[in-house]
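Notes follow the structure.
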Amino acid sequence: MEAESEPYVRLASLRQLHQVMADMNTARSLADTLQTVANGVVTALGYELACVNLVRPDGDLVVAALSGDPAAEALITGRVGSRDSWERRLSMGETWGDLIFIPHTEGWVLDDDDVPQWYTDGPAPRFEDEWHPSDRLFAPMYTPAAPGGNGVCGELIGVLSVDRPRNGRRPGAWGREALQMYAFQAAIAISNARLRSNMQRALVRLEREQQALRASEESFRQAFEYAPSGMAIAEMGGDQHGRILRTNDALCRLLGRPASAMRRYSFSDLVHPEDIGTLLRTSAEGGRAELRLGRRDGTYVWVSLRNSVVADAADGPRFLLTHVEDIEDRKRRELQLAHRASHDSLTGLPNSAELRSRLSSRLCARPRSAHPAAVDAMDAQGHPAFDTGDRAFDTRDRGFDFRTDGAERFDAYDHHVHTVAPEDGVRDDGTKGLAVLFCDLDGFKSINDRFGHNAGDAVLIEVARRLSRGVRDGDTVARLGGDEFVILADGLGRADAQDLAVRLRNEIIQPIRAEGRAVRVGASFGIGWAHCGMTADEVLKSADERMYVEKRSRPKQHRRAG
């Protein structure tokens with residue numbers, strides 16, 4: 001469109017404009033589209049210079065393409081102008097429809113802003129409509145308006161800036177409309193090119209992700225199948241929660257079960273009955289537990305379980321991945337170390353520390369409760385109240401159990417049952433309690449002195465064996481130290497405890513083979529009773545004192561059989 005007089009336009013010019021627009025929409029990339037837009041302004045619209053300023057994600061505008069002057073292209077392509085400066089330009093000057101024209105008389109205020117510019121020299125205009133070298137003409141490009149948007153422009157995607165019309169005059173009505181139409185079509189072409197570019201990047205990214213996923217799945221399969229320790233995948237949630245879906249060879253070998261059989265179970269079916277609580281308390285995500293799993297032959301193996309969740313991006317957590325590590329050897333060593341720390345190395349009986357621990361576990365710090373006869377008062381509602389010496393309580397306290405046999409207990413939140421002692425007195429009232437029998441050997445020192453410590457050790461070992469054989473399952477026989485032993489026997493009355501002491505003494509005084517000879521020791525027993533409010537040391541001290549009372553009450557020659 002060189003210098004045609006408006007409204008007459010040559011058909012060749014229209015064909016050229018049509019071809020430029022077709023080229024814009026068939027460009028192979030966004031960069032090609034931008035350059036085609038700039039070239040089209042020069043070749044089809046009759047301007048000597050055209051620049052495409054594209055809005056970046058941060059809002060500023062970058063010179064993305066320039067046509068008409070290689071020197072200008074090399075100088076300003078890629079440079080950035082701030083959004084504020086561009087907003088200032090687009091809000092001043094004259095509006096020609098959607099175009100912005102800033103005459104040289106106003107544009108001088110923009111000479112020092114940060115928008116990249118190319119200055120051309122030329123003579124001052126001689127006519128009113130002649131183009132001045134400092135005139136500026138901008139064609140904003142907006143995304144197409146949404147349907148039903150009442151013609152409101154969309155988002156600004158860039159600005160076309162043009163300079164130096166070839167005819168040397170400011171564009172007339174046809175030239176303005178042509179540039180405005182061209183900017184509209186350029187915006188569509190740029191939007192489409194961006195969309196295609198984004199789609200191509202998305203397709204490339206998707207393909208890479210799919211390749212990575214396939215590689216990851218293959219890596220997971222190999223890591224799962226050939227892992228040296230056990231692995232299992234189980235369902236998470238729903239009616240089949242916990243059901244094993246897949247196991248690796250290592251887990252099948254560990255439990256001696258084929259993979260097909262494993263799919264019939266969940267871990268709750270395989271865990272040791274004593275460890276089911278541990279399993280249920282183990283968190284599904286990042287949970288760890290040490291427990292026993294059942295083998296096919298009926299035995300159990302100690303394992304460490306570690307859980308992690310295999311998540312589905314759409315539906316959330318779906319599967320539970322469980323890592324199963326064989327810790328049988330470590331657990332055996334730990335149990336051995338724990339046994340050594342809590343048991344006497346000579347006799348194998350629980351040692352002093354373990355004895356105190358077991359005794360303390362039965363005793364709480366609550367003072368010994370009052371006998372029903374010790375009712376001090378009635379509360380305002382008529383409920384009996386008792387004073388324990390520490391705090392007052394009544395029969396409505398949580399866990400209080402008022403019993404008519406003279407004993408009383410508290411079932412607190414941990415279901416602790418208070419330990420009580422049978423009442424003192426000549427008559428046995430039938431109350432059962434935790435008896436503590438303190439045993440001291442008589443004549444043991446003389447065996448050590450006459451026959452040596454090996455003989456003494458043999459006597460202690462045999463006494464420990466006889467004491468263990470003479471008590472019930474669940475009773476504790478412990479070596480307190482030296483030749484002192486303690487028996488904890490729960491659920492005994494006073495007569496029962498006396499009978500037990502007599503039986504054990506009769507077992508001990510039987511001849512013992514030590515270092516090839518028969519020796520004898522006697523035994524003195526003191527019977528104490530444990531009850532809540534006492535410490536373990538207080539209970540042992542009480543039984544020890546009773547033992548010495550019993551020892552002093554017997555003639556010296558009767559303290560051992562010989």
Side-chain angles (χ1 to χ4, degrees), residues 1 9 11-69 72-73 76-81 83 86 89-90 96-100 115-116 136-149 151-163 165 171 174-204:
M1 283 173 227
V9 180
L11 183 59
S13 298
L14 292 177
R15 289 173 178 169
Q16 191 175 30
L17 182 60
H18 174 76
Q19 183 60 47
V20 168
M21 290 183 178
D23 292 341
M24 284 193 304
N25 289 291
T26 57
R28 301 183 60 181
S29 66
L30 177 59
D32 288 346
T33 300
L34 295 171
Q35 190 60 52
T36 302
V37 169
N39 293 341
V41 174
V42 174
T43 59
L45 295 182
Y47 292 90
E48 294 183 8
L49 192 68
C51 179
V52 179
N53 301 276
L54 193 66
V55 177
R56 302 193 312 178
D58 62 1
D60 292 339
L61 279 75
V62 61
V63 177
L66 192 142
S67 181
D69 191 323
E73 182 178 0
I76 67 174
T77 300
R79 292 176 58 187
V80 177
R83 184 63 175 262
W86 273 107
R89 289 178 175 232
L90 298 180
W96 296 349
D98 290 336
L99 306 179
I100 304 296
V115 173
R136 295 175 174 89
L137 180 58
F138 303 121
M141 297 181 291
Y142 297 94
T143 56
V152 178
C153 293
E155 180 184 358
L156 180 71
I157 64 172
V159 178
L160 273 176
S161 60
V162 300
D163 193 18
W174 161 249
R176 298 175 188 180
E177 186 173 352
L179 180 58
Q180 181 173 312
M181 178 184 64
Y182 186 84
F184 177 79
Q185 294 298 326
I188 295 176
I190 293 173
S191 297
N192 291 339
R194 274 183 166 175
L195 180 60
R196 289 194 302 269
S197 179
N198 291 337
M199 290 179 62
Q200 289 172 353
R201 284 196 296 268
L203 290 174
V204 171

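Quick caveat: nothing in here was measured; it's all calculated off a predicted structure. Excluded from the calculations below are hydrogen atoms, water molecules and symmetry mates; all remaining heavy atoms, backbone and side chain alike, are included.
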Do you know which two heavy atoms are closest between [X] and [Y], and how far apart they sit?
| X | Y | answer |
| --- | --- | --- |
| L30 | I190 | CD1-O, 4.0 Å |
| P171 | W96 | CG-CZ3, 3.8 Å |
| A187 | I157 | O-CD1, 3.6 Å |

Test the R89-W86 pair against the cation-pi criterion, namely NZ or CZ under 6.0 angstrom from the six-membered ring centroid and within 45° of the ring axis.
yes
Tell me, do [X] and [Y] make a side-chain contact under 4.5 Å, heavy atoms counted?
| X | Y | value |
| --- | --- | --- |
| L66 | I76 | yes |
| V52 | M141 | yes |
| R136 | S161 | no |
| V37 | Y182 | yes |

The single option from Q200, R201, R196 that satisfies side chain to side chain donor-acceptor pair (under 3.5 Å) with N198 is R201
Just wondering, more than 12 heavy atoms not from Q185 lying within 6.0 Å of its CD?
yes
Between [X] (side chain) and [Y] (backbone), is there a donor-acceptor pair under 3.5 Å?
| X | Y | answer |
| --- | --- | --- |
| S197 | A193 | no |
| T143 | E155 | yes |
| R83 | G59 | yes |

Verify side chain to side chain contact (heavy atoms under 4.5 Å, CB included) between L137 and Y47, making sure each step is shown before the conclusion.
CA-CA 11 Å; L137 180 58; Y47 292 90; 3.7 Å; yes
